Novice: 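Before I ask anything, here is the structure I am working with.
No hydrogens, no waters, no symmetry mates; every other heavy atom, side chains included, goes into these values. Keep in mind it's a predicted model, so treat the numbers as computed, not measured.
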Amino acid sequence: MAIAHAAPGQLVDVQPLGSKLSESRNVALFKTDELEVMRLVMPAGKTMPSHWVKGEVTIHCLEGAVSLTAGGQIRQMKAGQLVWLEGGVDHALTAVQDSSLLLTIVLRK
């Protein structure tokens, strides 16, 4: 069964998951023709291999800590930090701790 996306004007809770993080899953919060927003849940040690998308991306670390490799640089992100990447930039993530992230992608065709 598909998970329903948020409706326009609907409030969406993106607070840290805390003790529920380990039992939570990735969820697409909403998607339009031009924008996609999702919560990404990454247990410690999990990686998202290097990839790129056409549009710009923001990654907001809601809780935990991740190692971000982007544009040939490695950055350590912790809760409360956000990064913006231009479209076409290779990037990868590795969870240093159990983490949840708010990911925004501008969809380019």
Side-chain angles (χ1 to χ4, degrees):
M1 175 191 289
I3 297 173
H5 291 131
Q10 179 182 350
L11 296 177
V12 177
D13 187 356
V14 293
Q15 294 183 59
L17 296 165
S19 62
K20 295 181 181 177
L21 192 141
S22 64
E23 60 197 52
S24 298
R25 304 247 182 252
N26 298 337
V27 61
L29 301 173
F30 70 86
K31 185 175 182 178
T32 69
D33 291 340
E34 299 173 348
L35 184 67
E36 183 171 13
V37 177
M38 64 189 77
R39 181 192 285 259
L40 185 63
V41 176
M42 297 184 69
K46 182 173 179 161
T47 62
M48 176 181 287
S50 184
H51 66 286
W52 63 272
V53 294
K54 289 182 181 181
E56 294 83 1
V57 174
T58 65
I59 303 167
H60 179 177
C61 185
L62 299 171
E63 62 192 311
V66 295
S67 178
L68 167 69
T69 303
Q73 295 183 341
I74 299 173
R75 297 176 186 91
Q76 302 304 312
M77 293 184 71
K78 60 184 179 181
Q81 293 183 317
L82 178 134
V83 65
W84 168 73
L85 302 175
E86 294 181 294
V89 172
D90 283 323
H91 57 282
L93 292 167
T94 300
V96 176
Q97 301 172 354
D98 290 348
S99 303
S100 71
L101 310 155
L102 186 66
L103 179 64
T104 304
I105 305 169
V106 175
L107 302 173
R108 303 262 191 240
K109 297 187 183 197

Novice: If you take all heavy atoms of A79 and E63, which pair is closest and at what distance?
Specialist: CB-CA, 3.8 Å

Novice: Might you point out which heavy atoms bring P49 and H51 nearest each other, and give the distance in Å?
Specialist: O-ND1, 2.9 Å

Novice: Could you tell me if the side chain of V14 sits less than 4.5 Å from the side chain of H60, heavy atoms only?
Specialist: no

Novice: With clusters defined by side-chain heavy atoms of hydrophobic residues (ILVMFWY) lying less than 4.5 Å apart, directly or transitively, does V96 cluster with M42?
Specialist: no

Novice: Using 0.5 Å steps for rounding, measure from the CG atom of L103 to the CD atom of E36.
Specialist: 7.5 Å

Novice: Do any pairs count as a side-chain hydrogen bond (donor to acceptor under 3.5 Å, both in side chains) and have a residue in residues 78-88, sequence neighbours left out, and if so which ones?
Specialist: none

Novice: Could you pull out the closest heavy-atom pair between Q97 and S99, with the gap in Å?
Specialist: O-OG, 2.7 Å

Novice: In Å, rounded to the nearest 0.5 Å, how long is the span from CG of L40 to CZ of R25?
Specialist: 13.0 Å

Novice: Under 4.5 Å between any side-chain heavy atoms of L107 and D33, yes or no?
Specialist: no

Novice: Within the supplied structure, the quantity of interest is the number of heavy atoms (other residues, nucleotides, ligands) at a distance under 6.0 Å from E34 CD; does it exceed 12?
Specialist: no

Novice: How about L62 and R39: do any of their side-chain heavy atoms sit closer than 4.5 Å?
Specialist: yes

Novice: Hey, which of V27, L101, I105 is the one that makes side-chain contact (heavy atoms from CB on, under 4.5 Å) with M38?
Specialist: I105

Novice: Please assess L21 against V41 for the test side-chain contact (heavy atoms from CB on, under 4.5 Å), listing each intermediate value before the final yes or no.
Specialist: CA-CA 7 Å; L21 192 141; V41 176; 4.3 Å; yes

Novice: Would you say D98's side chain and A44's backbone share a donor-acceptor pair under 3.5 angstrom?
Specialist: yes

Novice: Taking all non-hydrogen atoms of both residues, which atom of G71 and which atom of V89 are closest, and how far apart?
Specialist: N-CG1, 3.7 Å

Novice: Establish whether L17 and V12 are linked, either directly or via other cluster members, by ILVMFWY side-chain heavy-atom contacts under 4.5 Å.
Specialist: no

Novice: Transitively linked via ILVMFWY side-chain contacts under 4.5 Å: L68 with W52?
Specialist: no

Novice: Is there a path of hydrophobic side-chain contacts, each under 4.5 Å between heavy atoms of I, L, V, M, F, W or Y residues, that connects V57 with V37?
Specialist: no

Novice: Is there a continuous path of hydrophobic side-chain contacts, each under 4.5 Å between heavy atoms, that joins M48 to L82?
Specialist: no

Novice: Give, for atom OG of S50 and atom CG of L93, the distance between the pair rounded to the nearest 0.5 Å.
Specialist: 10.0 Å

